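Remember, predicted model here, so these are calculated numbers, not experimental data.
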Amino acid sequence: MPNDAFWAWSIIVAATAGVIIRPFRLPEAIWAVLGAAALVLFGFLTLREALDGVEKGVDVYLFLIGMMLIAELARLEGLFDYLAALAVEHSHGSPQRLFLLIYIVGTLVTVLLSNDATAIVLTPAVYAATRAAGAKPLPYLFVCAFIANAASFVLPISNPANLVVFGARMPHLTEWLRQFALPSIASIVLTYIVLRLTQHRALKEETIARKVPHQKLSRGGKLTAIGIVAIGVVLVTASALDKQLGLPTFICGVVTAALVLLLSRQSPMPVLKHVSWSVLPLVGGLFVMVEALVKTGVIGHLSALLHQAVSQSVPQAAWSVGISTALATNIANNLPVGLVAGSVAAADHLPVSVVSAILIGVDLGPNFSITGSLATILWLVALRREKIEVGAWPFLKLGLLVTPPALIAALAAAIR
C-alpha cells in the first residue's frame, strides 16, 4: 500500500467513525467536514479535486433541501400529528390495528417524502399520539425506524441514498418499478410480519383509548397535503421522463412552502429555522472523502473484484455484493457506503441484478443497527428529544431478527 494512500484512508476511517460515534457529542457534519478539510490540508486532494467532489452532490443537496422544507412545513402545520391521531381513532382501541395503521402511514410517508421525513417528523407525531392514547410508545416508534429503510426503494424519491448510488444514471421510472416493485413489496411485508411478531407480547398487554384530543387540520395543513401529492406527481413524472430529481424536488418544495406560508400569512423563519441544514455539509464532506477513495485507487480495486465475480457467476456476485453492502452500511453508515457503491457501479456496465442488489443492500441493510443510516440516526435524535433512550444493543437484537428475512426476500426478488 502506498504511504499516501494509507494516511488518506486513515483520515477517512477516522472521519467516518466520528460521523457514526459523534465524540464529544459534536454534530455528524463537523466530523465529515473535518475529514474533507484534512484531506486537502495534508495534500491528499487538491482544492479543485475537493470542489469537484462537492459538486457531484448538487442533485442530492437540492433533493434534500426540497424534501426537508416540505417535511418541516408539514410538521409545523400539524399534518403528521393529525395523521397519527387519525390512526389512533381508526384503531378502535386495538393496539394491533394501531400498529398496522402506523405502519401504513409510515410506508406512505417514506415512499412520497423520503425515509428522513419518517424519522424526523412522523416519529414525534407517533410518540405524541400514542402517549395521548395511553399506550407505551416504543413498539410504535420501532415502526417508524424500520419502515423508514424497508420502504425506501419503492420510488427513486424514497431515499436520498438512491440518488447517491445512481446519480445521473437513475433508471427510467418504468425500469425502476420493474427492478424494485417486487423487492419493495417483499421488504415491506416481511419487515411488518417479523416486527409485528417481535412486538406481539407488548401489544397484547396494551389498552389504548379509542380517541385522542386533536385539532382539526388547518387550511395550511390541507394545502400542505395537497402540495405533497402534487410533489409526488411532479417527481414521478420527472422520473418517468428520465430527468434528475434534485432540481424538481427543490422547486416543488420551495414553491409549496412559499404558497402555504403566503396564504396563511406566516413568516418563513420557523420553517427555515428547524430544517436540518447540517445534513448538507455532512453529505458534501462524504462526497469529498469518496473522491479521495477514487484517487487512491480503492474504487478501481473494488470495481475489478466485482467485475471478476460477475464474470464467474452473475447471481452469486449479486448475492455476495448485496449482503456485503448491507453489512458494510452498519459499519460505516449507508451514505458513505452508498457513495462508494455508486462509484463502483458507475465504473463498469454491471448486470441489472447486481446493481439492484447493491441498492437493496444500501437501503435495507441499515435496519440491522442503530447507526446504519442517516434516517435511523435522525430517528434516534427524535427519541432523545422526548427523553427516550434506545441503546445500540437492544436495537441490534431486534434488527437481527427483523432484517435478514426482509433482506433475503428482497434480494431473491431482485436476482430472480
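Summarising the local packing, CZ of Phe250 is surrounded by 12 or fewer heavy atoms from other residues, nucleotides or ligands at distances under 6.0 Å.
No salt bridge links Lys56 with Asp52; every basic N to acidic carboxylate O contact stays at or beyond 4.0 Å. We find that Glu386 and Arg131 are not joined by a salt bridge, their nearest charged nitrogen and carboxylate oxygen being 4.0 Å or further apart.
Counting only heavy atoms from C-beta outward, the side chains of Phe80 and Val105 never approach each other to under 4.5 Å. Between Leu378 and Thr123, every side-chain heavy-atom pair lies at or beyond the 4.5 Å cut-off. Contact check for Val164 versus Leu286: no side-chain heavy atoms found under the 4.5 Å cut-off. Annotation: side chain of Leu163 is not in contact with side chain of Thr249 (no heavy-atom distance under 4.5 Å). In this structure, the side chains of Val54 and Tyr61 come closer than 4.5 Å at one or more pairs of heavy atoms.
At least one donor-acceptor pair under 3.5 Å links the side chain of Trp379 to the backbone N or O of Leu141. In terms of modelled atom types and a separation under 3.5 Å, the side chain of Asn330 and the main chain of Gly365 share a donor-acceptor contact. In terms of modelled atom types and a separation under 3.5 Å, the side chain of Arg169 and the main chain of Gly342 share a donor-acceptor contact. Judged by distance alone, with hydrogens and angles left aside, the side-chain atoms of Glu49 form a donor-acceptor pair with the main-chain N or O of Thr46 at under 3.5 Å. When atom types are taken as modelled, the side chain of Thr325 and the backbone of Gly322 share no donor-acceptor pair closer than 3.5 angstrom. With hydrogens and angles disregarded, no donor-acceptor distance shorter than 3.5 Å links the side chain of Ser324 to the backbone of Val321. Ser373 contributes no side-chain N or O that, together with a main-chain N or O of Leu335, makes up a donor-acceptor pair within less than 3.5 Å. In this structure a side-chain-to-backbone donor-acceptor pair under 3.5 Å is missing from Ser187 to Pro183.
Under the 3.5 Å distance criterion, with hydrogens and angles disregarded, a donor-acceptor pair is assigned to the side chains of Ser152 and Asn159. Between the side chains of Thr174 and His172, at least one donor N or O lies within less than 3.5 Å of an accepting N or O.
The aromatic rings of Phe99 and Tyr192 are tilted relative to each other, their planes meeting at an angle between 30° and 60°.
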